[in-house]
Amino acid sequence: MRRIVKIARVLILAPIFISAMSSCNGCSGSNNSDADAQASAINTPAKFDSDSAYSYLATQVNFGPRIPGSEANEACSQYIVSELRRHGADSIREQRAEVKAYNGDRLPINNVMGAFNPAAKSRILLVAHYDTRPWADGNPAQARYEEPVPGANDGASGVAVMLEIARQLSAKAPQVGVDMLFVDAEDYGQLSGFSNHDETWALGTQYWTAHMPYAQDSLPRYAILLDMVGGIDAKFHREYFSNNNARNIVDKVWSIANRSGYGHKFINLDGGAVVDDHVFISKAGIPAIDIIESKNEVTKSFAPTWHTVEDNLDNIDRSSLKAAGQTVLNVIYNEKP
């Protein structure tokens, strides 16, 4: 991406707006030193395997673009179901429906949800989208705009991290319950005139929030969205809506990242404002944050491969998957009932 605009379903507001609206109260302005991180390091019973996560990611990409309604999309949803089952998810739900896109397209969707430790009343929700954008309208060469996006980072990376976390949870149960939601039709939104079309994005999540499998008195404590967490040397800044709606959760996650040795990846500074799945989940009553690369050093927004035909396996960084995945694992295993 070459300018600050709304990223597929994801909106980055202009810098002047961010400086006025999203100053991070309590943010240090810099990461703590490595010595401080080591002094307060936390232990975890699980080690996130980035090679395993990469394998999950590659399998998704090899299905082809996972556009809603396509054979590749259906194959990916069933792959997620089979992996949740293989890793011992206690319950698996498929939420099939039809949603209408901004251009009139009718999209069949399948939101997949798995639960670990379902008897636990205290729960955490993890979220990622598995669909991919039908058009590479972020591509530098306009001649390739009509090509689909491979979606290695934008789609497959968050799913891959969650499936590797599921594998770890099957070996060592946490003290809290963990729900995993894999949503469809996140990336089918209207890019032009983005500031007026927020609700054309995250269609699967919007459907899910209207039909949540929770009573109001049994909502998860909070939700963590993983989106575009596999880019080359990705760094994760504090996203604006996450800070605004769930600052205490951002503080918790970024602190644990630093204490886990990933302070150089989880930057304790403001990032952009991103209209993503977490915004709609927060509106539904579950405080939600977004772990996302939204302040790339080159583009000042998303990774350079965002919405391009270059969002492929060649541009995936195992160390980025590791930082995001180990941090979330450590968050889970350090939660108390």
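Asn153 and Ser157 share a side-chain donor-acceptor pair at under 3.5 Å. Of the N and O atoms on the side chains of Gln326 and Asn330, at least one donor lies less than 3.5 Å from an acceptor on the other residue. Side-chain contact check for Asn73 and Asp184: at least one donor-acceptor pair (N or O, by modelled atom type) lies under 3.5 Å. Using a 3.5 Å distance cut-off with no hydrogens or angles, the side chains of Tyr240 and Asp270 do not pair a donor with an acceptor. Between Gln78 and Glu83, the side chains place no donor N or O within less than 3.5 Å of an acceptor N or O (distance only, hydrogens not considered). In this model, a donor atom of one side chain and an acceptor atom of the other lie less than 3.5 Å apart for Asn243 and Arg238. Looking only at atom types and distance, the side chain of His278 has a donor-acceptor partner in the side chain of Glu239 under 3.5 Å away. Using modelled atom types and a 3.5 Å distance limit, the side chains of Asn111 and Tyr207 yield no donor-acceptor pair.
Atom-to-atom distance recorded for Ser282:OG and Tyr222:OH is 13.5 Å, nearest 0.5 angstrom. From Gln206, atom CD reaches atom CD1 of Ile109 across 10.0 Å, with rounding to the nearest 0.5 Å. Interatomic distance, OG1 of Thr205 versus CZ of Phe280, reported as 8.0 Å (0.5 Å rounding). The OG1 atom of Thr305 sits 8.5 Å away from atom CE of Met228, with the distance rounded to the nearest 0.5 Å.
Among pairs with a residue in residues 171-183, those fulfilling salt bridge (charged side-chain N to carboxylate O under 4.0 Å, His left out) read Arg123-Asp179, at least two apart in sequence or across chains. Sorted by first then second residue, the salt bridge (charged side-chain N to carboxylate O under 4.0 Å, His left out) pairs that include residues 303-332, not counting sequence neighbours, are Asp51-Arg318. Screening residues 55-75 for salt bridge (charged side-chain N to carboxylate O under 4.0 Å, His left out) gives Glu74-Arg96 as the qualifying pairs, with residues at least two apart or on separate chains. Screening residues 205-214 for salt bridge (charged side-chain N to carboxylate O under 4.0 Å, His left out), with sequence neighbours left out, gives no hits.
Counting side-chain heavy-atom gaps under 4.5 Å among Ile, Leu, Val, Met, Phe, Trp and Tyr, the cluster of Leu181 also holds Met113, Leu125, Val127, Val183, Trp208, Met212, Tyr214, Leu219, Leu225, Ile281, Ile286.
Between Asp105 and Lys100, every side-chain heavy-atom pair lies at or beyond the 4.5 Å cut-off. When side chains are defined from C-beta on, Ser260 counts as touching Ile42, because their heavy atoms get closer than 4.5 Å. Within the 4.5 Å cutoff, side-chain heavy atoms of Tyr188 are placed close to those of Pro68.
Lys252 meets the salt bridge (Lys or Arg N to Asp or Glu O under 4.0 Å) test with Glu335; sequence neighbours excluded. Judged as a side-chain hydrogen bond (donor to acceptor under 3.5 Å, both in side chains), and not counting sequence neighbours, Thr132 has no contacts. Under the side chain to side chain contact (heavy atoms under 4.5 Å, CB included) criterion, Ala215 pairs with Asp217, Ser218, sequence neighbours left out. Ser170 is linked by a side chain to side chain contact (heavy atoms under 4.5 Å, CB included) to His87, counting only residues two or more places apart in sequence or in another chain. For Glu146, the side chain to side chain contact (heavy atoms under 4.5 Å, CB included) partners two or more places apart in sequence, or in a different chain, are Trp135. Residues satisfying the side chain to side chain contact (heavy atoms under 4.5 Å, CB included) criterion with Ala46, sequence neighbours excluded, are Thr44, Gln168, Leu329, Tyr333. By the salt bridge (Lys or Arg N to Asp or Glu O under 4.0 Å) test, Asp233 is found to be paired with Lys235, Lys265, residues two or more places apart in sequence or in another chain being considered.
No donor-acceptor pair closer than 3.5 Å links the side chain of Ser301 to the backbone N or O of Lys295.
Tested against Phe236 for a ring-ring contact (aromatic ring centres under 6.0 Å, His included), the candidates Trp254, Tyr262, Phe266 yield a single pass: Phe266.
The minimum heavy-atom distance between Val274 and Phe241, with the atom names listed, is O-CD1, 3.5 Å.
If you chain together hydrophobic residues whose side chains sit under 4.5 Å apart, Leu313 and Val229 fall into the same group.
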